[in-house]
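Worksheet for the structure shown next.
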Amino acid sequence: MSQSLTQPTPPAPPLAELTLTGDRGGVVRPALLTVPDLLAWPQRRARVSFECATSGVRHHGFEGPLLHDVMRDAGPRFDPSRRKDRLRFLVVVAGADGHHALLTWAEIDPDFADAPVLLAVGVDGTPLDRAGPQLVLPQDRCGARHISGIDTIRVDGRHPSRPDAVTG
């Protein structure tokens, strides 16, 4: 009797998922996104050098959509009657490994700092479908706000003078 020389192919690991959410004042359209979903936005490329305290300078090439583009499509709940309302919004990015970073909307908004912050879907030509997207801030000298394997982006739009700001 002959036996097959091929072994059954194990199933591929699932695609990493990113939850885009917000508080009551955060976003109109929360979403569950994968790296393939993030490919729907215009892609940018960035060559980045990070100075790491333990391993020196690291050079990488990243590609992915701008965080601002993805967040804008989620529909941040800006109050058009309040001048500069966008300035109160905070964006918390968390990775599956427990690392997180905090950004202000003004950092990524083209009307303010216009920082080219990426949700990288690939690094050095390697797709991040299974590992999950990475937060890349090309303008940062140190890579401390670089978050790998993003699993959550949360928008906080609570207004400090409103009663719901405390209870959220």
(request) Kindly give the heavy-atom pair with the smallest separation between P138 and P116, and that separation in Å. (result) CD-O, 3.4 Å

(request) Indicate yes or no for a side-chain donor-acceptor contact from R29 to the backbone of D73 under 3.5 Å, with no hydrogens or angles considered. (result) yes

(message) Tell me whether Q43 contacts the main-chain N or O of W41 through its side chain, where contact means a donor paired with an acceptor under 3.5 Å.
(response) yes

(message) If you compare all heavy atoms of L118 against all heavy atoms of A46, which two are closest, and at what distance to 0.1 Å?
(response) CD1-CB, 3.9 Å

(message) For a 4.5 angstrom cut-off between non-hydrogen side-chain atoms, does L128 reach V123?
(response) yes

(request) Show the numbers, then the answer: is there a side-chain contact (heavy atoms from CB on, under 4.5 Å) between V93 and L103? (result) CA-CA 8 Å; V93 180; L103 296 95; 4.1 Å; yes

(message) I need the minimum non-hydrogen distance between A96 and D151, along with the two atoms involved.
(response) CA-OD2, 3.4 Å

(message) With heavy-atom distances below 4.5 Å as the criterion, would you say the side chains of Q134 and I150 are in contact?
(response) no

(request) Would you kindly say whether S81 and D79 are connected by a side-chain donor-acceptor distance under 3.5 Å? (result) yes

(message) With a 4.5 Å cut-off on side-chain heavy atoms, are D114 and E107 touching?
(response) no

(message) Are L119 and L66 packed together at the side-chain level, in the sense that at least one heavy-atom pair is separated by less than 4.5 angstrom?
(response) no

(request) Please examine the side chains of L15 and R130, heavy atoms only from C-beta on, and report whether any two atoms are closer than 4.5 Å. (result) yes

(request) Give the minimum heavy-atom separation between A106 and L87, together with the two atoms involved. (result) CB-CD2, 3.6 Å

(message) Is there a side-chain contact between I153 and T21 in this structure, where contact means two heavy atoms from C-beta onward sitting under 4.5 Å apart?
(response) no

(message) Between T104 and F89, does the side-chain contact (heavy atoms from CB on, under 4.5 Å) criterion hold? Intermediate values first, please.
(response) CA-CA 6 Å; T104 65; F89 281 71; over 6 Å; no

(message) Test ring-ring contact (aromatic ring centres under 6.0 Å, His included) on F78 and W105; report intermediate values, then the result.
(response) CA-CA 11 Å; F78 301 139; W105 187 269; 5.2 Å; yes

(request) Find the distance between CG (L20) and CE (M71) and round it off to the nearest 0.5 Å. (result) 5.0 Å

(request) For L18 and T34, run side-chain contact (heavy atoms from CB on, under 4.5 Å): C-alpha distance rounded to whole Å, both residues' side-chain angles, the deciding distance at 0.1 Å, then the answer. (result) CA-CA 6 Å; L18 154 64; T34 63; over 6 Å; no

(request) Check whether any side-chain N or O of D23 sits under 3.5 Å from a backbone N or O of G26 as a donor-acceptor pair, and report yes or no. (result) yes

(request) Could you walk me through whether H59 and V57 pass side-chain contact (heavy atoms from CB on, under 4.5 Å), step by step? (result) CA-CA 7 Å; H59 305 279; V57 177; 3.6 Å; yes

(message) Do P133 and L38 make a side-chain contact, defined as non-hydrogen atoms from C-beta onward lying under 4.5 Å apart?
(response) yes

(message) If you compare all heavy atoms of D109 against all heavy atoms of R86, which two are closest, and at what distance to 0.1 Å?
(response) OD2-NH1, 2.9 Å

(request) Would you mind reporting whether R45 and F62 have side-chain heavy atoms less than 4.5 Å apart? (result) no

(message) Looking at every non-hydrogen atom in both residues, tell me the closest pair between Q139 and A115 and how far apart they are.
(response) NE2-CB, 3.4 Å

